[in-house]
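I have placed the structure first, in the form of structure tokens, so that the comments after it can refer back to it.
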There are 2 protein chains.
Amino acid sequence: MSKSNNVYKDAYNRGLRLLEETKSLPSEPELGALLGVSRTTIRTILARMEETGLIAWNKRSKTVLRVPRQDDFFPEEETDTLSQIIERSFMRRLLAGGAEPGMQINELELAREIGVGTTSVREFLIRFSRFGLIEKRRNSHWVLKGFTRAFALELTEIREMFELRSAAAFAALPEDSPVWADLDLLEDEHRLLAREIATRFNEFSELDERFHRLIHRASHNRFIVDFYDVIAMIFHYHYQWNKAQERERNEVAVAEHLAYIAALKSRDLGKVDAACRKHLKSARHTLLTSIPEGQQP
Amino acid sequence: MSKSNNVYKDAYNRGLRLLEETKSLPSEPELGALLGVSRTTIRTILARMEETGLIAWNKRSKTVLRVPRQDDFFPEEETDTLSQIIERSFMRRLLAGGAEPGMQINELELAREIGVGTTSVREFLIRFSRFGLIEKRRNSHWVLKGFTRAFALELTEIREMFELRSAAAFAALPEDSPVWADLDLLEDEHRLLAREIATRFNEFSELDERFHRLIHRASHNRFIVDFYDVIAMIFHYHYQWNKAQERERNEVAVAEHLAYIAALKSRDLGKVDAACRKHLKSARHTLLTSIPEGQQP
DNA sequence: TTATTGTCTTTTATCGTGAAAAAACAGTTT
DNA sequence: AAACTGTTTTTTCACGATAAAAGACAATAA
């Protein structure tokens with residue numbers, strides 16, 4: 001196998017959802033823009049849709065014949081990127097315990113275990129190295145630095161530095177900047193979530209990321225914006241392994257976000273600083289308490 | 001060709017220099033530690049040294065027979081890593097002009113031009129992407145963001161944030177920390193260079209990097225330490241293309257460093273902050289004035 | 001018995017190759 | 001003629017294979 005066709009499969013699945021809404025599909029370039037793939041892939045999708053009797057396709061006319069059934073969709077797991085598969089697998093090992101700091105990482109073994117080529121694993125490790133959890137020894141193996149307390153402290157130190165600066169930049173943005181509308185929308189979503197926190201608390205992490213990314217973007221600094229990838233990645237997995245008091249934690253965080261948003265809207269730099277600091281402090285606390293004890297150096 | 005033996009060649013060249021100093025070489029493991037390579041490579045080196053009549057090798061005894069000549073050394077260019085070759089080639093293109101921001105980067109074309117496989121180029125681009133000069137479009141090509149004024153400003157913003165913090169951490173280090181001795185040594189080197197600046201001004205860049213890395217290390221934060229790689233990389237190439245007033249610039253910088261060092265030794269946070277700010281300001285100015293005009297967006 | 005050498009095994013670095021996906025080009029339709 | 005479809009070319013992505021380099025193990029010498 002040289003390259004999986006997950007791009008096609010994922011786009012196909014998303015394309016199926018379009019069939020539920022319309023009686024005929026738009027032009028190929030339009031579909032390409034809609035699904036974010038090339039026309040080549042669109043044509044492969046259309047070909048299969050025709051084959052399975054979902055549409056009648058003749059040049060410009062693409063008539064929907066029937067609504068897609070559950071078994072028309074490709075299985076979820078076949079739509080993942082190789083790097084997503086590798087990352088998940090790698091993080092599972094990392095968090096499963098037994099992954100002590102200092103331990104060496106074997107490309108070949110990882111590749112065999114996950115069932116992929118070594119090149120993909122290498123490329124993943126290179127990409128992953130910027131998160132600061134692993135390190136390469138010159139023409140030799142990788143070393144696991146581990147998700148330790150030191151890591152969490154170093155991460156949050158930078159995060160706090162960057163976010164305080166971004167928040168200040170945000171508050172200083174002119175009245176007519178479109179970000180204020182974005183902020184209003186996010187505020188509404190927060191209020192809604194706060195009201196239904198009892199049942200929807202697990203939707204917070206996604207909202208959290210969108211909120212903080214909006215703030216960081218105000219810095220207009222690529223290094224600050226990019227650094228949020230590290231935070232997002234850590235929090236993504238952190239949310240998965242630390243379910244203790246998830247509802248309570250998220251409830252507190254939503255309230256802090258609302259206070260933070262109010263401070264931003266007030267444009268009062270003192271208030272912004274205080275609200276930001278308060279939220280970051282509790283975020284740091286949450287992260288620190290969740291570090292597995294076995295991984296202390 | 002599947003893998004070049006540059007590790008061997010480079011270690012061999014460094015090994016030759018040992019022959020000039022001693023009459024017999026130490027054990028294989030010891031040599032390995034000395035040259036930073038495995039025993040396998042050491043044995044290959046010894047085998048060649050024996051073959052070319054440099055040493056007599058019999059088990060433990062490795063007697064030096066003659067001093068190495070110039071033609072015993074492998075050519076300099078054969079000792080480079082592939083990634084060094086690719087980086088140099090890539091940067092040359094980037095700085096040669098005609099590399100407008102937004103331009104797309106072609107892996108295959110790069111690989112062909114440099115005469116290497118696509119895998120190596122891909123891995124280089126992934127590694128290089130953390131410098132913020134290029135960006136990947138999801139399952140498509142890379143896009144050049146370019147060495148623009150915006151880039152320089154974003155870079156220096158972070159640099160200043162990080163260095164001010166590191167410098168403060170440095171000054172707060174206890175009396176008995178070994179960094180003070182390192183600082184003393186660096187101070188001496190600065191004084192020496194200041195005295196002979198007329199002839200040795202081009203040695204400043206290397207000293208500059210060592211000095212700033214020492215400071216950054218005091219932060220004890222991997223993200224801060226790692227970020228210096230971005231700065232070092234930019235300054236490395238910056239020094240190559242901007243030779244205007246090099247002597248004057250370096251003379252000023254050496255003086256600023258000495259003031260900075262004095263401030264650190266005084267442990268007076270106010271003085272440290274002032275000296276650091278002053279130096280960073282002139283460093284930023286130097287960098288900004290050197291940005292090629294043609295690359296403004 | 002401990003470090004060192006000789007030998008064998010494993011892992012990393014790099015390439016060429018082939019399928020998936022993108023992009024370019026050419027011919028059609030409205 | 002502008003946008004679309006059909007066709008061809010190019011590029012990206014991922015693999016297996018292979019030489020370089022590292023590492024492990026057994027045999028040996030101090």
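Just so it is clear: chains get the letters A, B, ... in the order the sequence lines come, proteins before strands, and each one is counted from 1. Any value given below was found using the heavy atoms of this structure, including those in side chains, with hydrogens, waters and symmetry copies removed. Here the structure is a predicted model, which is why all the values come from computation and not from measurement.
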How close or far is atom [atom2] of [N] from atom [atom1] of [X], stated in whole angstroms?
X        : N      : atom1 : atom2 : answer
B:Asn6   : D:dA20 : CG    : C1'   : 9 Å
B:Glu28  : C:dT2  : CD    : P     : 21 Å
B:Lys3   : C:dA13 : NZ    : P     : 6 Å
B:Arg137 : D:dT12 : CZ    : P     : 14 Å
B:Glu30  : C:dA3  : CD    : P     : 12 Å
A:Trp142 : D:dA21 : CH2   : C1'   : 17 Å
A:Tyr12  : C:dA21 : OH    : P     : 15 Å
A:Lys136 : D:dA21 : NZ    : C1'   : 11 Å

Can you list, pair by pair, the side-chain donor-acceptor contacts under 3.5 Å of residues 124-135 of chain B, counting residues two or more places apart and other chains?
residue, atom, partner, partner atom, Å
B:Ser129, OG, B:Ile126, O, 2.6
B:Arg130, NH2, B:Asp229, OD2, 2.7
B:Glu135, OE2, B:Lys145, NZ, 3.4

Original post:
Taking the nucleotide of DNA chain C with the closest heavy atom to each, which residue, B:Lys62 or A:Arg138, is nearer the 5' end?
Top reply: B:Lys62

**OP:** Please figure out whether B:His141 or A:Arg112 has its closest DNA chain C nucleotide nearer the 5' end.
**Re:** A:Arg112

Quick one: salt bridge (Lys or Arg N to Asp or Glu O under 4.0 Å) partners of [X], sequence neighbours excluded?
X        : result
A:Arg92  : none
B:Arg222 : A:Glu154
B:Arg60  : none
B:Lys62  : none

**OP:** I would like to know whether B:Tyr239 and B:Glu206 meet side-chain hydrogen bond (donor to acceptor under 3.5 Å, both in side chains); could you show each step before the answer?
**Re:** CA-CA 11 Å; B:Tyr239 278 120; B:Glu206 186 265 341; over 6 Å; no

**OP:** Note down the inter-axis angle between the two ends of the helix from C:dT1-D:dA30 to C:dT30-D:dA1, five pairs each, to the nearest 10°.
**Re:** 30°

Original post:
Could you go step by step and tell me if B:Phe227 and B:Leu155 meet the side chain to side chain contact (heavy atoms under 4.5 Å, CB included) rule?
Top reply: CA-CA 10 Å; B:Phe227 186 75; B:Leu155 179 78; 3.8 Å; yes

**OP:** Determine whether more than 12 heavy atoms belonging to other residues, nucleotides or ligands lie under 6.0 Å from atom CD of A:Glu76.
**Re:** no

Original post:
Can you check side chain to side chain contact (heavy atoms under 4.5 Å, CB included) on A:Lys136 and A:His141, steps first, answer last?
Top reply: CA-CA 6 Å; A:Lys136 178 114 181 82; A:His141 55 264; 6.0 Å; no

Are any protein N/O atoms closer than 3.5 Å to N/O atoms in nucleotides 28-30 of chain D? If there are, list each pair with its distance.
none

Original post:
Given B:Asn5 and B:Thr41, is the side chain to side chain contact (heavy atoms under 4.5 Å, CB included) satisfied, shown in steps?
Top reply: CA-CA 10 Å; B:Asn5 54 355; B:Thr41 306; over 6 Å; no

Original post:
Which pairs, with at least one residue in residues 8-19 of chain B and sequence neighbours excluded, count as a side chain to side chain donor-acceptor pair (under 3.5 Å)?
Top reply: B:Lys9-B:Glu78, B:Asp10-B:Arg14

Distance-only donor-acceptor pairs under 3.5 Å for side chains of residues 48-59 of chain B, two or more places apart:
residue, atom, partner, partner atom, Å
B:Thr52, OG1, B:Arg48, O, 2.9
B:Thr52, OG1, B:Met49, O, 3.4
B:Trp57, NE1, B:Lys59, O, 3.2

To check you understand the geometry: which heavy-atom pair defines the closest contact between [X] and [Y], and what is its length?
X        : Y        : answer
A:Val7   : A:Val37  : CG1-CG1, 3.7 Å
B:Leu82  : B:Ser120 : CD1-OG, 3.4 Å
B:Ile105 : B:Leu110 : CG2-CD1, 3.8 Å

Original post:
Under 4.0 angstrom, heavy atoms only, what part of the nucleic acid is A:Ser120 near: base, sugar-phosphate, or nothing?
Top reply: sugar-phosphate

**OP:** Indicate, with a heavy-atom threshold strictly under 4.0 Å, whether B:Lys9 touches base, sugar-phosphate, or nothing.
**Re:** nothing

Original post:
Toward the 5' end of DNA chain D, which comes first, B:Thr118 or B:Asn5, by nearest nucleotide?
Top reply: B:Thr118

Subject >> Proximity to DNA chain C (any heavy atom under 4.0 Å), residues of residues 73-86 of chain B only >> reply: B:Leu82

Original post:
Can you list, by residue number, the residues of residues 102-111 of chain A that have a non-hydrogen atom closer than 4.0 angstrom to DNA chain C?
Top reply: A:Ile105, A:Asn106, A:Glu107, A:Leu108

**OP:** For DNA chain D, find the residues of residues 34-43 of chain A with a heavy-atom distance under 4.0 Å and give them by number; none if there aren't any.
**Re:** A:Arg39, A:Arg43

Original post:
Taking OP1 and OP2 of D:dA22, is either one under 4.0 Å from a side-chain nitrogen or oxygen of A:Ser140?
Top reply: no

**OP:** Run the salt-bridge test on A:Asp182 and A:Arg213 with the 4.0 Å N-O cut-off and return the result as yes or no.
**Re:** no

